[in-house]
2 protein chains.
Amino acid sequence: VLPYPLGIVEKLAISTSSRILLVVLDGVGDVAASGKTPLAVASTPHLDDLARDGSLGLSTPVAPGIAPGSGPGHLSLFGYDPFVYEVGRGVLSALGLDLDLGAGEVAARGNFATVDDSGKIVDRRAGRIPTELNRILIAALSAAIREVDGVTIDLHTEAEYRFVVRLRGDGLGGEVADTDPGRVGEPALEPRPLGDRDADRRTSRVLQRVVERARQVLAELPEARDAKPAVNAVLLRGVGQAPSLPQLPAVTKMRCGAIAAYPMYRGVARLVGMESVPMDVSGEGERTAAKLAAYRAHASEHRFLYFHVKKIDSAGEDGNFAKKVAEIEAFDAIVPRLLAAQPDVVVVTGDHSTPVPLKAHSWHPLPVLIWSKVARPDGRAFTETECRGGSLGMMRHLDLLPLAMANAGKLQKYGA
Amino acid sequence: VLPYPLGIVEKLAISTSSRILLVVLDGVGDVAASGKTPLAVASTPHLDDLARDGSLGLSTPVAPGIAPGSGPGHLSLFGYDPFVYEVGRGVLSALGLDLDLGAGEVAARGNFATVDDSGKIVDRRAGRIPTELNRILIAALSAAIREVDGVTIDLHTEAEYRFVVRLRGDGLGGEVADTDPGRVGEPALEPRPLGDRDADRRTSRVLQRVVERARQVLAELPEARDAKPAVNAVLLRGVGQAPSLPQLPAVTKMRCGAIAAYPMYRGVARLVGMESVPMDVSGEGERTAAKLAAYRAHASEHRFLYFHVKKIDSAGEDGNFAKKVAEIEAFDAIVPRLLAAQPDVVVVTGDHSTPVPLKAHSWHPLPVLIWSKVARPDGRAFTETECRGGSLGMMRHLDLLPLAMANAGKLQKYGA
């Protein structure tokens with residue numbers, strides 16, 4: 001039996017034609033350190049209309065006090081207990097680069113770094129090299145390191161000092177320790193196997209060889225050797241394999257689709273079995289027009305549609321209150337176009353809070369609204385404070401999937 | 001150790017003379033799709049008096065989004081986690097007919113059905129035959145099928161196309177699959193054993209023989225053969241044995257009684273060890289006078305008394321708003337007569353919501369009030385909206401037993 005809520009949902013789910021829209025306003029929750037939150041300051045007439053006819057609450061993504069990354073935050077929104085289902089940093093980074101990660105393949109996050117003559121780490125980020133230099137270094141490393149012991153190696157620039165390494169081959173394991181000790185003044189660690197499996201030992205050996213070869217290549221490469229500080233080492237962390245997750249369409253009897261501008265969010269959605277709705281992925285930023293075009297063309301094909309909005313989080317990460325207000329208002333303006341597809345249930349919340357004063361993901365519970373014809377109408381606006389008194393009370397993100405499906409008439413009665 | 005809350009209650013319970021009254025307003029919760037809920041519209045001065053001096057909250061019977069049947073809804077009210085303690089449909093139906101189901105005995109729900117010449121199901125309910133015909137068919141089947149392989153068989157009309165079969169004998173198991181495939185165009189299934197136990201195989205064989213004999217009898221019986229459509233098969237589902245539940249009097253050190261007009265509710269109460277308070281069970285419907293007479297005569301004998309009110313749910317199932325209001329008001333009018341017995345703690349809630357717009361059980365959390373001399377007085381009326389802001393917050397039905405006992409001074413301090 002699958003863990004809550006997937007197990008009970010699987011048992012009770014029935015296939016119906018009703019449609020659920022889940023809008024994720026990334027990082028929307030805030031704390032109003034002085035006065036009102038961005039959501040309370042923003043003019044959001046369309047969200048407030050939905051809220052007034054719907055049920056409100058405050059929802060904890062993972063557990064009280066736990067600030068989730070995007071992976072756990074989204075998994076919990078989709079009904080996957082993030083304490084049960086873990087997705088490593090390397091896998092998330094690979095998904096963020098739109099890399100496929102097949103069964104048994106391994107990904108790890110890499111840092112370009114600087115070590116001294118004795119091998120001790122001087123700078124874990126090699127002076128935050130520009131992305132352009134990263135691309136040059138990755139091109140050189142890729143030419144030199146293609147295969148180790150029958151395992152195909154490929155390397156991909158992420159941004160600044162960050163890259164992703166992917167291993168493809170037989171008999172690889174994902175339980176291998178970080179080589180990044182997390183502080184300067186110490187040497188890099190070995191990528192030692194964390195378990196007793198041959199597969200983990202094999203991955204460990206391959207990564208050890210990748211690290212050694214990378215040092216040799218960087219030592220010979222003028223662009224790396226002459227940088228200030230010199231780029232002369234790589235650190236790895238978050239080694240892992242894509243987890244094999246229960247698939248949402250099978251569990252819920254819903255065809256599930258995802259609309260997101262950033263590959264990482266599409267990637268997490270694919271992990272749980274959602275289809276990426278076809279969209280124009282050229283361009284930068286929120287790409288609202290492309291997302292709306294994809295929504296208009298494909299919304300009715302899916303019984304569960306996840307719609308991701310990114311820039312509210314970015315404004316929070318920047319500590320930019322006015323920008324966060326503006327991004328929330330920009331989303332509010334497109335709400336009528338989302339409702340035009342006539343979803344039966346609309347859920348609006350975020351994957352985590354990103355309070356302006358913190359400039360980072362936080363643990364604060366998120367405002368949530370569930371609108372449907374059979375939701376209790378709370379008659380309140382969509383703000384943190386108003387949601388606090390709503391009829392959903394204090395809830396958990398894990399409860400959203402069964403609540404949304406119940407509102408859509410997709411769950412049978414439990415027991416006689 | 002018993003699961004929460006029974007384990008901790010068993011550990012801390014002390015026997016005192018204080019008395020708890022649990023009133024279950026079946027299906028009372030609603031959603032106010034347009035305006036107010038029936039509970040908000042109803043004039044309930046006595047409930048509102050209790051509420052003002054008591055603590056209020058909204059309580060989830062099983063889990064968010066889960067619409068419970070009467071069995072799980074009541075089990076959770078009594079402190080039994082319905083994900084741990086399951087009561088099958090056959091058992092509930094048997095209890096609903098006031099049949100005793102002893103240890104090891106088996107019950108199953110039956111449908112009279114219609115199959116075509118090739119044995120495929122044409123109508124799973126045989127045209128929803130009238131109850132009178134059901135009685136004739138059951139009489140004929142009862143005469144022909146009395147015993148199989150040393151197991152005593154008895155059959156009982158429920159209503160329309162529905163009946164109950166009970167097996168009494170040695171070595172029977174309850175883990176046997178439904179024969180009803182749940183859709184037409186397919187043949188009935190075998191009642192195959194779900195486990196690997198001899199007892200389940202024995203029940204499977206006996207039920208197989210019952211099904212075959214029933215077909216033979218129906219084929220020869222003019223009333224069955226000539227019905228339109230013909231009644232020529234039986235389908236079984238919800239095979240099971242009465243679960244052996246921890247007994248509430250032993251766990252809580254309270255003598256526990258139940259007052260309910262409908263046998264199924266008395267039956268669920270008996271499963272957890274409550275006594276059925278003697279009452280005049282003749283007549284139909286709510287039987288308020290008979291219940292009040294029983295209450296007046298026996299309330300003081302019990303430390304925990306469960307008082308069931310049915311017709312509020314029936315009005316919800318009918319989608320009849322005015323009737324639901326009237327039934328709530330009818331209950332409010334008898335509150336003074338319940339208080340006349342001077343219970344120390346009064347709990348009022350429902351086993352599940354039955355919103356008028358849904359005409360069915362739903363997942364919506366229920367208004368709950370706990371009145372006692374030591375409850376925090378919330379100064380609010382007894383409606384869904386007012387309960388939302390009460391000092392019990394959002395809670396679960398499983399929390400009600402320990403809360404009621406604490407208010408009654410029946411739980412010792414936990415730890416030193």
Side-chain angles (χ1 to χ4, degrees), chain A residues 1 3-9 11-14 20 52-60 79 252 345 347 365 368 370-380 386-416, chain B residues 29-37 57-76 82-83 85-93 95-96 109 237-238 240 264 268 352-353 355-358 360-365 367 384-385 387-389 392-395:
Chain A
V1 179
Y4 178 86
L6 297 177
I8 188 69
V9 162
K11 184 183 167 90
L12 301 179
I14 49 172
I20 297 167
R52 241 181 300 276
D53 294 340
S55 298
L56 303 179
L58 282 180
S59 188
T60 295
T252 63
V345 177
V347 178
V368 58
I370 299 182
W371 174 92
S372 80
K373 288 202 171 57
V374 293
R376 275 196 182 131
D378 284 344
R380 288 162 168 261
E386 292 286 300
C387 283
R388 198 173 68 196
S391 62
L392 300 175
M394 297 298 299
M395 55 179 290
R396 300 176 302 164
H397 270 25
L398 284 183
D399 299 327
L400 281 169
L401 179 69
L403 276 173
M405 291 182 69
N407 273 275
K410 290 181 186 294
L411 292 183
Q412 290 178 287
K413 186 163 74 174
Y414 177 66
Chain B
D30 217 294
V31 298
S34 52
K36 291 180 166 183
T37 64
L58 282 179
S59 188
T60 295
V62 175
I66 306 304
S70 299
H74 272 81
L75 286 179
S76 64
F83 286 151
Y85 300 106
E86 292 188 52
V87 179
R89 177 182 294 264
V91 171
L92 270 188
S93 292
L95 297 175
R109 247 288 300 278
R237 54 181 170 150
M264 195 192 72
V268 174
H352 54 78
S353 293
V356 167
L358 280 171
H361 292 200
S362 83
W363 63 93
H364 299 87
E384 289 86 349
T385 306
C387 284
R388 196 171 72 192
L392 300 175
M394 297 297 297
M395 54 178 290

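- The distance from atom CG of A:L403 to atom CD1 of B:I66, rounded to the nearest 0.5 Å, is 8.5 Å.
- Ranked by heavy-atom pairs under 4.5 Å with chain A, the list B:G389, B:S70, B:P365, B:C387 is led by B:P365.
- Here B:G69 is the residue among B:G238, B:A360, B:G69 with the most heavy-atom pairs under 4.5 Å with chain A.
- For the atom pair CG (A:L401) and CG (A:L6), the distance works out to 7.0 Å, reported to the nearest 0.5 Å.
- Residue contact with chain A, scored on non-hydrogen atoms closer than 4.5 Å, is absent for B:P355.
- Across B:H361, B:R89, B:M394, the residue that shares the most heavy-atom pairs under 4.5 angstrom with chain A is B:M394.
- With a 4.5 Å cut-off on non-hydrogen atoms, A:L392 touches chain B through its backbone but not through its side chain.
- With a 4.5 Å cut-off on side-chain heavy atoms, B:P357 and B:V31 count as touching.
- In this structure, chain B has no heavy atom under 4.5 Å from any part of A:M405.
- When all heavy atoms of A:D378 and A:S55 are compared, the pair lying nearest together is OD2-CA, 3.5 Å.
- Here the closest non-hydrogen pair linking A:V368 and A:L400 is CG2-CD2, 3.6 Å.
- Contact annotation for A:K410: neither backbone nor side-chain heavy atoms come within less than 4.5 Å of a heavy atom of chain B.
- Within 6.0 Å of the CZ atom in A:R52, the count of heavy atoms belonging to other residues, nucleotides or ligands exceeds 12.
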